[in-house]
Amino acid sequence: LTRAPSMSDDEAPKKKEWVPFSKRPEWSDVVPTPQDDGPNPVCPIAYSDQFRETMDYFRTILKTNELSPRALDLVTEAIKLNSANYTAWYFRRKVLAALFEKDPATYNYRKELGYVDGMCRGSPKNYQLWYHRRLVVEQLNDPSEEIPFTAEMLEEDAKNYHAWAHRQWVVETYKLWDGELPFVDHLLREDMRNNSAWNQRFFVISKTTGYASKEVMAREIECAFSYIRKAPNNESPWAYLRGLFVSGVKFSEYPQVKDTCLEFSGKYVACPHVVSLLVDIYEQEGTPESKENAAALCVKLATTMDVIRQKYWRYREKNLH
Amino acid sequence: VARMSSQDGDDDEEWEGQTVEDQEEVTQKLDRCYAALRRDASKENDVHLFREEHIAWLWRGFSGLPSGYSSLDASRPWLCYWTIQALDLLGESTARRASQIVGFLNKCQDTEGGFTGGPGQLPHLATTYSAVLALLVVGTEEAYKSIDREKMSLFLHRRKCANGGFTMHDSGEQDVRSMYTAIVVAKLLNLLTPELVAGSAEWLAQCQTYEGGLGGCPGNEAHGGYTFCGVAALVILGRTDVLDMPRLLRWVANRQMEDDRGFQGRTNKLVDSCYSFWQGAVFPLLSYVMHPEPDSHTPSGWLFDQRALQQYVLMCAQHAQGGLRDKPGKGCDYYHTCYALAGLSVAQHNDLVITPEPSPYIDKHLDGNEEEDDDVVSVSSSSVTLFGPTENVVEATHPVYNVRPEKVARAMRYFYSL
């Protein structure tokens, strides 16, 4: 990835000595704008000199709307000092748009992607960064780096919310569905409790084959049960299994669900998830006997198996259909 | 860990994976926090809210923050709101600083409408939300008048998107937070029009996942922060009909962790004190939806273990020198202090009425002393569920706005008479 000239030099062996703007000849024509906090600010921050001065100069170019190469350098420094500064990001996009027109060889979205790539790795939980990356990808209309990039970020933190949201946007916008289910499987093999991966599974299938077919349902039911057998107290596959029936499909259409739950209730005797699903199944059956069964299980959950949720289970008991 | 070790899966893989590792690290720390109580349950009366320490720490922050807070330089109204709302929950008035707060927030008000992250920055929905809430905490006519409502209306309309949502700022991102912040500001300031919220409820409905909670955008994983925002926004709009409530209730009830006692933000993730509010406040909201006119038959309190949540906040999230934190091992910060205390409040107070409009119930709060009363109000035992001594009671908070209900009522009386 090539980097724009304004890319901060993170990879230099030594940290460069910061030169105050007041001492930089190329900025001698600019009058800094101090922050107008008023006489008595609330929660004032003890900025470093570098922070204060950089922002003083940034405020000036923002006011004068200077869209130049040196403005890009300044906005890069401002972002480096506070990557959550959404005003700086907004202004960066304005500067870039102007520079892209004037000098597309030096300033272009490809180079910008390189810049934001480096920044994202440093601050993986920053809204502005991920959003900026999305805008750059949209402009480039090239998602080819996004799948490997998000995969890398998820390698470091498999539940990074921004990474998953970005990946979902990429996959859906550019129809990159192939390979997504294998990716989910890979992550589940690494950590079957990764609920984000389970969520992605639901996302991919619901937007590709859908869950209407008996083959898909049977396969996914078995997928959930296979993970449940490995670790019955893992809530994620239970939530997923229940999720398969959210669309209105009845448990009775897939008798293996009830059968397996009954088997599990004998095997995993202290597992509340088994009993919880049986409550749903009995409730849906709708007979007086099944309602009694459901109520009895609610009481069991409230009194012994899932005591922290006793108020919820008492509520369920009283409100069974 | 007790729960995790009680079952044997079919093979040796059961205990593998990052989730297990991360959870075990937290479990060990929490074990130490709860150890005294486990040995002797009567130790409960020794578990104190460090009220004076938190108040002192909060005032220090109000006066000045170290340079490490530069990363929140685009969130100055948030810092102001977190601090004064936390003080308010602790019964500590900031009335003597009213003009100072109003004056500073006015420096963050954009001439074209909305509030910015700091003087000279672009207006942003989240900082607008926090500035407006902070002004509600102040609660004076000077505070209300400082808001340019006409320009605010224009700002809100500029944020509106064709798909029913809102962008956080000019060419900014869109998600459930922007929806909530825009709708709250509009509602409080009497700027809510059908046009402003056209399509909003329908867009929010798409954010409910198969799990039952809401994600940031359609398809995203169910998450406590976004769930709170989405449900609260729909309560304001009167459109909770677009959600599957039983599924939502089950999801949020499952987010309270059996051993940790506090709430996690997502399935199989770690406890965090801020979810004490984001997840905890969903319960009174759901209760309101299910029983809009509470009567003597409505069960009191919420469908989660209120004492257990209080145990988490008091025994794991408090720093003895002042301030609250995510979990043991993390540093204190003003965000966690605000939301841990707000969660504590929800867990303590059973009888919140949420009618968004000024109502006879809420107006009743205003019949008494108009001035800030710093004494902790003694409440009847049925309206409070307590862990620890009665000195631990904090003020009640409104579960839609996270500002004291009387402050919401007072503000609405002002803005709805304009």
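Sequence lines set the chain letters: A, B, ... in the order given, protein chains first and strands last, and positions in each chain run from 1. Because only heavy atoms are used, hydrogens play no part in the values below, and waters and symmetry mates are left out as well, while side chains stay in.
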Chemist: Between A/Tyr86 and A/Trp89, is the ring centroid distance below 6.0 Å?
Modeler: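 Judged by ring-centre distance (under 6.0 Å), A/Tyr86 and A/Trp89 do not meet the cut-off.
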Chemist: Would A/Lys230 and A/Tyr227 count as a cation-pi pair here, with the cationic atom under 6.0 angstrom from the ring centre and within 45° of the axis?
Modeler: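 Judged by the rule, A/Lys230 and A/Tyr227 form a cation-pi pair.
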Chemist: Any idea which of A/Ala88, A/Pro41, A/Ser48, A/Ser247 has the most non-hydrogen atom pairs under 4.5 angstrom with chain B?
Modeler: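 With the most close heavy-atom pairs to chain B, the winner is A/Pro41.
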Chemist: Against chain B, work out which of A/Leu135, A/Asn194, A/Asn82 has the most heavy-atom pairs shorter than 4.5 Å and name it.
Modeler: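 Greatest number of close heavy-atom pairs with chain B: A/Asn82.
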Chemist: Using a cut-off of under 4.5 Å for heavy-atom pairs, which of B/Arg307, B/Glu173, B/His223, B/Gln306 has the most such pairs with chain A?
Modeler: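 Max contact count across the listed options: B/Glu173.
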Chemist: Select one option (side chain, backbone, both, neither) describing which atoms of A/Phe245 are under 4.5 Å from chain B's heavy atoms.
Modeler: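 For A/Phe245, there is no contact with chain B at all, as no heavy atom is under 4.5 Å.
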Chemist: Sort out for me which of B/Asp305, B/Leu122, B/Asp170, B/Thr83 touches chain A most, counting heavy-atom pairs under 4.5 Å.
Modeler: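 Most heavy-atom pairs under 4.5 Å with chain A: B/Leu122.
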Chemist: With a 3.5 Å cut-off and no angle check, do the side chains of A/Gln35 and A/Tyr47 form a donor-acceptor pair?
Modeler: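 A/Tyr47 and A/Gln35 do have a side-chain donor-acceptor pair below 3.5 Å.
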Chemist: What residue, out of B/Pro246, B/Ala74, B/Ser70, has the most heavy-atom pairs lying under 4.5 Å from chain A?
Modeler: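 Most heavy-atom pairs within the cutoff with chain A belong to B/Ser70.
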Chemist: Quick check on A/Glu190 against chain B: is it the side chain, the backbone, both or neither that has a heavy atom closer than 4.5 Å?
Modeler: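 Contact with chain B: backbone only.
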Chemist: Report which part of B/Cys217 has an atom under 4.5 Å of a heavy atom belonging to chain A: side chain, backbone, both, or neither.
Modeler: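 When you check distances to chain A, no heavy atom of B/Cys217 falls under 4.5 Å.
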Chemist: Under 4.5 Å heavy-atom distance to chain A, tell me which part of B/Arg247 shows up: side chain, backbone, both or neither.
Modeler: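 Contact with chain A involves the side chain of B/Arg247 alone.
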Chemist: For residues B/Ser146 and B/Asn106, is any side-chain donor paired with an opposing acceptor at under 3.5 Å?
Modeler: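 On atom types as modelled, these side chains do not qualify, holding no pair under 3.5 Å.
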Chemist: Between B/Met257 and chain A, which part of the residue has a heavy atom less than 4.5 Å away: side chain, backbone, both or neither?
Modeler: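 For B/Met257, the contact with chain A is made by the backbone alone.
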Chemist: Could you tell me which portion of A/Asp157 (side chain, backbone, both or neither) has an atom closer than 4.5 angstrom to a non-hydrogen atom of chain B?
Modeler: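 Looking at A/Asp157, nothing touches chain B.
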Chemist: Pick from A/Trp169, A/Tyr315, A/Phe203: which one has the most heavy-atom pairs with chain B under 4.5 Å?
Modeler: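 Among A/Trp169, A/Tyr315, A/Phe203, the one with the most close pairs to chain B is A/Tyr315.
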Chemist: When you measure from the side chain of A/Asn126 to the backbone of A/Gln128, do you find a donor-acceptor pair of N or O atoms at a distance under 3.5 Å?
Modeler: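 Side chain of A/Asn126 to backbone of A/Gln128: a pair is present.
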Chemist: Could you tell me whether the side chain of B/Ser178 and the main chain of B/Gln174 form a donor-acceptor pair under 3.5 Å?
Modeler: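 No, because the side chain of B/Ser178 does not come within donor-acceptor range (under 3.5 Å) of the backbone of B/Gln174.
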Chemist: Chain A heavy atoms under 4.5 Å from B/Trp251: which part of the residue, side chain, backbone, both or neither?
Modeler: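 For B/Trp251, no heavy atom lies under 4.5 Å from chain A.
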Chemist: Taking side chain as everything from C-beta outward and backbone as N, CA, C, O, which of these in A/Tyr90 sits under 4.5 Å from a heavy atom of chain B? Side chain, backbone, both or neither.
Modeler: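 Just the side chain, heavy atoms under 4.5 Å.
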Chemist: If you count heavy-atom pairs within less than 4.5 Å of chain B, which of A/Asp280, A/Asn234, A/Leu62 leads?
Modeler: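 Counting heavy-atom pairs under 4.5 Å, the top option is A/Asp280.
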Chemist: Please determine, among B/Gly103, B/Ala134, B/Ser171, the option with the most heavy-atom pairs under 4.5 Å with chain A.
Modeler: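 Highest number of heavy-atom pairs under 4.5 Å: B/Ser171.
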Chemist: Please state whether the side chain, the backbone, both or neither of A/Arg93 comes within less than 4.5 Å of a heavy atom of chain B.
Modeler: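 It is the side chain, since no backbone atom gets that close.
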Chemist: Please look at A/Arg314 and chain B and tell me whether the side chain, the backbone, both or neither of the residue comes under 4.5 angstrom of a heavy atom of that chain.
Modeler: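 Neither part, no heavy atoms under 4.5 Å.
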Chemist: Closer than 3.5 angstrom, by distance alone: can the side chain of A/Tyr131 be matched with the main-chain N or O of B/Gly172 as a donor-acceptor pair?
Modeler: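 Side chain of A/Tyr131 to backbone of B/Gly172: a pair is present.
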Chemist: Please name the residue in the list A/Gln310, A/Arg316, A/Arg309 that meets the side-chain hydrogen bond (donor to acceptor under 3.5 Å, both in side chains) test with A/Tyr312.
Modeler: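 Result for side-chain hydrogen bond (donor to acceptor under 3.5 Å, both in side chains) with A/Tyr312: A/Arg316.
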Chemist: Checking A/Arg193 against B/Thr19 for the side chain to side chain donor-acceptor pair (under 3.5 Å) test, could you report, in this order, the C-alpha distance in whole Å, the side-chain angles of both residues, the deciding distance, and whether it holds?
Modeler: CA-CA 6 Å; A/Arg193 293 174 177 81; B/Thr19 301; over 6 Å; no
Chemist: Where on A/Thr33 is there a heavy atom nearer than 4.5 Å to chain B: the side chain, the backbone, both, or neither?
Modeler: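 Nothing of A/Thr33, per the 4.5 Å heavy-atom cut-off to chain B.
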Chemist: Salt bridge between A/Glu222 and A/Arg229, side-chain N to carboxylate O under 4.0 Å?
Modeler: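 Salt bridge: yes.
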Chemist: For A/Leu244, is it the side chain, the backbone, both, or neither that has a heavy atom closer than 4.5 Å to a heavy atom of chain B?
Modeler: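 Neither part.
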Chemist: Shorter than 4.5 Å, heavy atoms on both sides: which option in B/Gln121, B/Glu211, B/Lys269, B/Arg266 has the most such pairs with chain A?
Modeler: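 The candidate making the most pairs under 4.5 Å is B/Arg266.
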Chemist: Can you tell me how far CG of B/Asn220 sits from CD of B/Gln206, rounded to the nearest 0.5 angstrom?
Modeler: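 The CD atom of B/Gln206 sits 12.0 Å away from the CG atom of B/Asn220.
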Chemist: Please check if any side-chain donor atom of A/Ser236 sits under 3.5 Å from a side-chain acceptor atom of B/Thr267, or the reverse.
Modeler: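 No, no side-chain donor-acceptor contact under 3.5 Å.
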Chemist: Under 4.5 Å heavy-atom distance to chain B, tell me which part of A/Trp313 shows up: side chain, backbone, both or neither.
Modeler: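 When you check distances to chain B, only side chain atoms of A/Trp313 fall under 4.5 Å.
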Chemist: Using non-hydrogen atoms only, which part of A/Asp37 is less than 4.5 Å away from chain B: side chain, backbone, both, or neither?
Modeler: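 Both the backbone and the side chain of A/Asp37 come within 4.5 Å of chain B.
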Chemist: What option among B/Gln18, B/Met168, B/Gln100, B/His169 has the most heavy-atom pairs under 4.5 Å with chain A?
Modeler: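 Between B/Gln18, B/Met168, B/Gln100, B/His169, the count favours B/Gln100.
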Chemist: Which atoms of B/Tyr69 come close to chain A, meaning under 4.5 Å heavy atom to heavy atom: side chain ones, backbone ones, both, or neither?
Modeler: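 Interface part for B/Tyr69: both.
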Chemist: Among the options A/Tyr127, A/Trp198, A/Trp130, pick out the one with the most heavy-atom pairs lying under 4.5 Å from chain B.
Modeler: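 The residue among A/Tyr127, A/Trp198, A/Trp130 with the greatest pair count is A/Tyr127.
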Chemist: Which bit of B/Arg261 comes within less than 4.5 Å of chain A, counting heavy atoms only: side chain, backbone, both or neither?
Modeler: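 Contact with chain A involves both backbone and side-chain atoms of B/Arg261.
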Chemist: Step by step, would you call B/Arg255 with A/Glu235 a salt bridge (Lys or Arg N to Asp or Glu O under 4.0 Å)?
Modeler: CA-CA 11 Å; B/Arg255 301 286 60 76; A/Glu235 192 179 336; 3.1 Å; yes
Chemist: Take the angle between the ring planes of A/Tyr240 and A/Tyr211 and call it parallel below 30°, perpendicular above 60°, tilted in between.
Modeler: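 Plane angle over 60°, so perpendicular.
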Chemist: Are A/Phe264 and A/Phe225 an aromatic pair by the rule of ring centers under 6.0 Å?
Modeler: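 Here the rings of A/Phe225 and A/Phe264 have centres that are less than 6.0 Å from each other.
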Chemist: If you count heavy-atom pairs under 4.5 Å between each of A/Leu81, A/Asp36, A/Ile308 and chain B, which one has the most?
Modeler: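 Ranked by heavy-atom pairs under 4.5 Å with chain B, first place is A/Ile308.
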Chemist: With only heavy atoms counted, which part of B/Pro218 is less than 4.5 Å from chain A, the side chain, the backbone, both or neither?
Modeler: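 B/Pro218 touches chain A through backbone heavy atoms alone.
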Chemist: Can you tell whether the side chains of B/Glu221 and A/Lys159 come within less than 4.0 Å, N to carboxylate O?
Modeler: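 No, B/Glu221 and A/Lys159 are not salt-bridged.
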Chemist: Taking atom CG of B/Leu249 and atom CG of B/Leu286, what is their separation to the nearest 0.5 Å?
Modeler: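 Taking CG in B/Leu249 and CG in B/Leu286, the distance rounds to 6.0 Å.
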Chemist: Which atoms of B/Asp175 come close to chain A, meaning under 4.5 Å heavy atom to heavy atom: side chain ones, backbone ones, both, or neither?
Modeler: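 For B/Asp175, side-chain heavy atoms alone lie under 4.5 Å from chain A.
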Chemist: Measuring heavy-atom distances to chain A, does B/Thr116 have an atom under 4.5 Å in its side chain, in its backbone, in both, or in neither?
Modeler: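 Backbone plus side chain of B/Thr116, per the 4.5 Å heavy-atom cut-off to chain A.
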Chemist: Examine whether an atom of B/Ala253 lies under 4.5 Å from a heavy atom of chain A, and if so say whether it belongs to the side chain, the backbone or both; otherwise answer neither.
Modeler: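 Contact with chain A: backbone and side chain both.
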Chemist: Does a donor on one side chain and an acceptor on the other come within less than 3.5 Å for A/Glu180 and A/Gln200?
Modeler: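 Side chains of A/Glu180 and A/Gln200: pair found under 3.5 Å.
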